[in-house]
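FYI, side chains are in, hydrogens and waters are out, and symmetry mates aren't considered; it's all heavy atoms of this structure. Heads up: numbering here begins at 1 and tracks the sequence. Just so it is clear, the structure is predicted and the values come from calculations on it, not from any experiment.
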Amino acid sequence: MKLFKRLSPIWFAVILIWIKTVIVSFIGFNLHPENWTDILFMILSPIGAIMVILGINIYFKRKVKPAAIFATMVILTGILFGDLLYYRFYTDFVTVPILFQFKNVGGIGPSTLELISPWDLLLFADLAVFWLLYIKRKSVHEQITAKSKGFYTAVSVLFVFMTIVLGMVKVPHLFSESYNRQQLVKHIGLYQYHLYDIASLHHTRSIALLPVHLTQKPQRSMSNLKKISHQITLVRQKE
């Protein structure tokens, strides 16, 4: 219990963001789970990424600072709200390349107010609760022990690893079919999907920056093999 008590603000933040994300996944995104395993994935998959992102506030610090956690919660809520608005307009999930192509999302600007529902205010209710409990009261910054930090890190990594492995077991081509963004979000979670999207973009750009002669080597090797094979065939025919 002491491990939870020392990190009580961050555990509370994880629970609030997790519950909110799960509710939006079922109601806002309409992911339509096909069976009980889909429901289980949609409930558990967001936890790991949420813990990792919120954990940035404690990995390199000795004290839990509620203000920093609150700022991270605001960012995560903004991402969730932005995804919800984009999904209502396009029935899809936003990607990093789309964010850089403002012309493609320009059509959402004038009609943004039409996409907002009064129920969307509930997305910010947890922020108000956290602010009242930890910011307004000016709670004391708890000292973080190495044991508490190690426990939190182990749990977050476990959830991330478990989500990815079980997702690939259920859908073997989960990451090779990255065009199916609803399937990705359903099995690895919304925030983990965005992290994967950023990593994929970085990988693609890294390959694009490689010299041309490096990318053409495999093609040359194949052409050489074909020539050698053709010459062997001709020699055999002459014999």
Side-chain angles (χ1 to χ4, degrees), residues 4 7-33 36-58 64-95 99 108 112-113 115-137 139 152 155-160 162-164 167 181-198:
F4 287 93
L7 297 176
S8 57
I10 197 167
W11 284 115
F12 190 58
V14 168
I15 292 171
L16 290 176
I17 296 293
W18 169 56
I19 292 174
K20 176 166 60 179
T21 303
V22 170
I23 292 174
V24 172
S25 297
F26 279 100
I27 299 176
F29 295 141
N30 297 321
L31 293 179
H32 303 298
W36 68 270
T37 54
D38 283 350
I39 296 175
L40 193 62
F41 269 107
M42 291 172 65
I43 292 174
L44 298 179
S45 60
I47 298 177
I50 292 172
M51 290 185 66
V52 170
I53 296 171
L54 286 171
I56 294 173
N57 298 291
I58 66 168
V64 177
K65 295 183 178 180
I69 296 173
F70 180 77
T72 308
M73 290 178 66
V74 171
I75 294 173
L76 291 176
T77 301
I79 294 172
L80 182 63
F81 186 48
D83 277 313
L84 183 60
L85 293 180
Y86 186 88
Y87 190 88
R88 286 174 181 169
F89 195 85
Y90 292 106
T91 319
D92 199 2
F93 293 94
V94 68
T95 62
L99 290 177
I108 202 173
T112 301
L113 292 177
L115 297 173
I116 297 176
S117 167
W119 292 100
D120 293 342
L121 292 174
L122 294 176
L123 286 174
F124 305 94
D126 62 318
L127 298 179
V129 172
F130 189 90
W131 184 81
L132 288 172
L133 290 178
Y134 292 101
I135 307 298
K136 189 177 181 181
R137 290 185 179 181
S139 58
Y152 180 90
V155 173
S156 60
V157 171
L158 176 64
F159 269 104
V160 170
M162 181 179 66
T163 300
I164 294 174
R181 289 185 278 273
Q182 290 199 8
Q183 180 173 264
L184 275 172
V185 172
K186 185 188 295 184
H187 289 91
I188 67 174
L190 180 67
Y191 301 111
Q192 206 152 277
Y193 155 74
H194 283 301
L195 294 176
Y196 168 75
D197 183 45
I198 294 171

*Asks:* Any idea which heavy atoms bring Ile17 and Thr77 closest together, and the distance?
*Replies:* CD1-OG1, 3.9 Å

*Asks:* Roughly how far, to the nearest 0.5 Å, is CG of Asp92 from CG of Asp83?
*Replies:* 10.0 Å

*Asks:* Identify the two heavy atoms, one from Leu84 and one from Val24, that lie closest to each other, and give their separation to 0.1 Å.
*Replies:* CD1-CG1, 4.1 Å

*Asks:* Taking all heavy atoms of Leu54 and all of Ile69, pick out the closest pair and write down the distance.
*Replies:* CD2-O, 4.1 Å

*Asks:* I'd like to know if Arg88 and Asp120 make a salt bridge, using a cut-off of under 4.0 Å between side-chain N and carboxylate O.
*Replies:* yes

*Asks:* Are the side chains of Val74 and Phe130 in contact, using a 4.5 Å heavy-atom criterion?
*Replies:* no

*Asks:* Is there a side-chain contact between Val94 and His194, using heavy atoms and a 4.5 Å cut-off?
*Replies:* yes

*Asks:* From Leu16 CG over to Trp11 CH2, what is the distance, rounded to the nearest 0.5 angstrom?
*Replies:* 13.5 Å

*Asks:* Less than 4.5 Å apart, side chain to side chain, heavy atoms only: is that true for Phe26 and Ile39?
*Replies:* yes

*Asks:* Just wondering, do Asp38 and His187 contact through their side chains at under 4.5 Å, heavy atoms?
*Replies:* yes

*Asks:* Compare every heavy atom of Lys186 with every heavy atom of Pro33, then report the nearest pair and how far apart it is.
*Replies:* CA-NZ, 4.5 Å

*Asks:* Can you tell me how far the CG atom of Leu195 sits from the CG atom of Leu190, to the nearest 0.5 Å?
*Replies:* 10.0 Å

*Asks:* If you look at every heavy atom in Thr95 and Arg181, which pair is closest and at what distance?
*Replies:* CG2-CD, 3.5 Å

*Asks:* Atom OG in Ser156, atom CD1 in Ile47: separation rounded to 0.5 Å?
*Replies:* 11.5 Å

*Asks:* Mind checking the CD1-CZ spacing from Ile10 to Phe12? Nearest 0.5 Å is all I need.
*Replies:* 13.5 Å

*Asks:* Supply the atom-to-atom distance Asp126 CG to Phe70 CZ, rounded to the nearest 0.5 angstrom.
*Replies:* 9.0 Å

*Asks:* Using the side chain to side chain contact (heavy atoms under 4.5 Å, CB included) rule, take Lys20 and Leu123 through it: C-alpha gap first, then chi angles, then the decisive distance, then the call.
*Replies:* CA-CA 7 Å; Lys20 176 166 60 179; Leu123 286 174; 3.8 Å; yes

*Asks:* Is it the case that the side chain of Trp18 and the backbone of Ile43 share a donor-acceptor pair, with hydrogens and angles ignored and the cut-off at 3.5 Å?
*Replies:* yes

*Asks:* Please find the pair of heavy atoms, one from Tyr191 and one from Leu76, that lie closest to each other, and give the distance.
*Replies:* OH-O, 3.2 Å

*Asks:* Are Tyr87 and Phe93 near enough that their ring centres are under 6.0 Å apart?
*Replies:* yes

